[in-house]
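All remarks here apply to the structure that follows.
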Amino acid sequence: MIPRSSHPDFLPRRERAKLGWRGLCAPARTRENFSGFPSGFILIRPEERKRSMASQGVTPRSEDYSRWYTEVVQKADLADYAPVRGCMIIKPYGYELWENIRAELDKRFKATGHRNAYFPLFIPMSFLQKEAEHVEGFAPELAVVTHGGGQKLEEPLVVRPTSETVIGHAFAQWIQSYRDLPLLINQWANVVRWELRTRLFLRTLEFLWQEGHTAHATWEEAQEETLRMLDVYADFAINEAAIPVIRGRKSDQEKFAGAEASYTIEAMMGNKWALQSGTSHNLGQNFAKAFEIRYLDPNNELQYCYTTSWGLSTRIIGAIIMTHGDDRGLRLPPRLAPIQVVIVPIFKNEEEKSAVMKAARRIHETLLSVGVRTHLDDREGMTPGFKFNDWELRGVPGRMEIGPRDVEKKSVVLARRDVPGKEGKQTAAQDRIIPAVTRLLTDIQRSMLRQATAFRDANIHEASDYEELKKAVADGWALIWHCGTAECEARIKEDTKATSRCFPLDLNKEGPGDATCAVCGKPAQGKAYFARAY
RNA sequence: CGGGGCGUGGCGCAGUUGGACAGCGCGCUGCGUUUGGGACGCAGAGGUCGCCGGUUCGAGUCCGGCCGCCCCGACCA
């Protein structure tokens, strides 16, 4: 049996009502006219017509970045606002994207020896307080449960903002000997952080993520793990999400509360702001000491473990949207896209319809059978042109058009999301559809990474003094020699709103030598990026 | 959390200085004609005007409080 669609429940008609499409007529207020045209004939100036066209999709990215982002998230059906401030409903299309992200990461975690487990949502308040820096860092954004079953709790429970503490508690019990090490655990979970200012996917009160927690016998092993997982994130971001991230170390000011050192994959968004897209921490013995995570070494001596933690969240969806999106909406990298190819059938009458649909179904089935995530858009009462725009807004990387002419010539038209208009269209033979589609998708994936990399590189500027730094961060990222002190970073932030993003690992393989900070002149810790960040 | 703007059918909006039946476009439902880049006609359905309270003979309209959204400033994946 031929499946009707790879997404049987995709886009129920009711949902479509929420998209807010408009026809070609002018908004109500422009209806007044004294042109002498018969009533009902509306005079629309070209610029108004253009605006009207745009309003059917999303506000162009170039016009209002922030509004564009919010509209894309909602109109592409990724997520919606929830009844509680700062919370979001992740809709099926958005969740399918997350599932694909999760699958790719999980595969990599397993391949590096980690096992999944699940730890509780509620954490005793006292646990958080065991690590001084940790509690200080998280205290302002904790959600605390004080009542349960109608009774006031003896000890308040914290809704986990992260799980170092409960997992530390468990690790202390699980680990006895050096033979139990390394202990490599991951959990997929939701966490809660009471943020003041929220944005869909980028910063919500509750979000989904993955947090890895490991324990090791030595600092070196912990450090190796920290960097290994940073590399896993970078590999995922670059090769799956087509986001050219930069691996780097966070300055002391920006590091995780309770970590000895934090590492980040840092990405540049379409408005040239930076987004921390994943982090990996070497926790040293801080949590081991707080939770008594100890082991007997081969000499029968009790030692504290060294632990790490690393996390990547649904924020990465925000990164994908903002790295790749354009004026027309979302653009998804083929490797993560819930729908990789959408088939749009075209016909004029019943006769053509049956021939076209027959071919479309056959191709649909062929592509599904080789694992291409394909959707056949057999919705009625919508013109092909409407569907083209609809799927472009949703970011589907490849589109196949099949009409009577194609049926006759045993061909199809393939259009690619990364190249707009006619230029992105090509014809492919129906009997060569599998190689044609796979090649197209690989090519789109590669091209998206190339475009994003070129954009990033064009907007990073080296700066050798404060004036150059100010100029650089006004329109991109600055790369400077940096002392890493709190005073210096505070001053830069005060003046420019830019914050220290990281000391990139690739550019800091050699020490700073006698280089000095571009801002204060003190000895440099290394080369660092500064940028406005989310 | 501070400053500015905004909440009226699913979406975008109009609604003068309080006054009759709360309107328009899109979308939605049905039928017919359409369909290679956002189609059209006809007939329908759909609204406690964000919520709570107050002023008034009468509140979408005035006052107070709360909630939410957008933009801008201090913290964060």
Side-chain angles (χ1 to χ4, degrees), chain A residues 13-32 42 52-57 59 64-67 69-71 74-75 81-87 137-141 161-162 191 193-205 207-211 233 253-254 256-257 262 264-265 275-281 310-319 328 344-349 352-353 356 380-393 399 401-406 412-413 415 420-422 425 490 493-494 497 499 533-534:
Chain A
R13 293 185 79 79
R14 288 224 62 79
E15 287 294 299
R16 306 198 41 75
K18 295 177 182 164
L19 292 176
W21 298 119
R22 285 203 240 161
L24 271 175
C25 52
R29 70 178 164 298
T30 65
R31 272 190 306 136
E32 239 179 282
I42 298 158
S52 172
M53 291 292 287
S55 72
Q56 291 178 65
T59 299
D64 185 338
Y65 196 82
S66 157
R67 170 172 296 234
Y69 177 81
T70 311
E71 288 183 8
Q74 290 175 92
K75 290 188 172 177
Y81 289 102
V84 176
R85 179 194 74 89
C87 293
F138 280 103
E141 49 191 79
T162 178
V191 283
R193 297 180 187 179
W194 217 262
E195 302 288 350
L196 297 179
R197 245 183 108 170
T198 59
R199 259 163 147 326
L200 293 171
F201 288 118
L202 295 178
R203 187 172 302 108
T204 44
L205 297 198
F207 56 92
L208 304 182
W209 77 346
Q210 142 287 310
E211 47 179 324
Y233 287 157
Q253 287 65 241
E254 298 279 331
F256 177 75
S262 287
T264 174
I265 49 169
L275 182 76
Q276 178 176 310
S277 307
T279 47
S280 187
H281 316 287
W310 25 277
L312 188 145
S313 74
T314 39
R315 174 182 251 199
I316 196 78
I317 292 175
R328 305 173 72 81
V344 179
I346 299 159
F347 46 79
K348 284 193 185 58
N349 49 48
E352 287 181 358
K353 179 179 175 182
V356 165
E380 294 186 12
M382 285 171 194
T383 62
F386 182 95
K387 291 179 178 177
F388 296 168
N389 288 284
D390 192 24
W391 293 110
E392 279 167 7
L393 168 54
R399 182 180 72 235
E401 307 170 12
I402 309 178
R405 296 207 290 276
D406 300 297
V412 297
V413 172
K422 276 220 161 65
K425 289 195 185 188
K493 187 171 185 180
E494 175 72 32
K497 293 174 187 165
T499 52
Y534 279 102

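Atoms considered below: every heavy atom in the structure, side chains included; atoms not considered: hydrogens, waters and symmetry mates. Throughout, protein chains are lettered first and strands after them, A, B, ... in sequence-line order, and every chain is numbered starting at 1.
Among the atoms of the strands shown, none is found under 4.0 Å from any heavy atom of A:D64. Here A:G318 lies out of heavy-atom contact (under 4.0 Å) with every strand. As judged by a 4.0 angstrom heavy-atom cut-off over every strand, A:V344 is placed among residues making no nucleic acid contact.
Considering only side-chain N and O atoms, A:Y81 lies under 4.0 angstrom from the phosphate OP1 or OP2 of B:rC70. Note on A:T383: a side-chain N or O is less than 4.0 Å away from OP1 or OP2 of B:rA39.
Distance A:M382 CE to B:rA39 C1': 13 Å, rounded to the nearest Å. In this structure, the CZ atom of A:R67 is 10 Å from the C1' atom of B:rC6, given to the nearest Å.
Using N1 to N3 plus N6-O4 or O6-N4 for Watson-Crick, or N1-O2 and O6-N3 for G-U wobble, each under 3.5 Å, B:rG32 pairs with B:rC40.
Looking at A:E211, its side chain never comes within 3.5 Å of a backbone N or O of A:G311 through a donor-acceptor pair.
A salt bridge does not link A:R197 to A:E195: none of the charged nitrogens lies less than 4.0 Å from a carboxylate oxygen.
A distance of 5.5 Å separates CD in A:Q74 from OH in A:Y81, rounded to the nearest 0.5 Å. Rounding to the nearest 0.5 angstrom, the gap separating the CD atom in A:Q276 from the CD atom in A:E254 is 7.5 Å.
B:rG60 and B:rG15 have their C1' atoms separated by 8 Å, with the value rounded to a whole Å. B:rC51 and B:rC11 have their P atoms separated by 14 Å, with the value rounded to a whole Å. Rounded to whole Å, the P atom of B:rC42 lies 14 Å from the corresponding atom of B:rG27.
Comparing B:rG37, B:rC69, B:rA39 by their closest approach to the side chain of A:R85 singles out B:rC69.
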Quiz item: When you check every protein heavy atom under 4.0 Å of nucleotides 72-77 of chain B, what one-letter string (B, S, -) results, 5' to 3'?
Solution: BBBBBB

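Using bins of under 30°, 30° to 60° and over 60° for the plane-to-plane angle, the ring pair A:W310/A:Y233 lands in the perpendicular bin.
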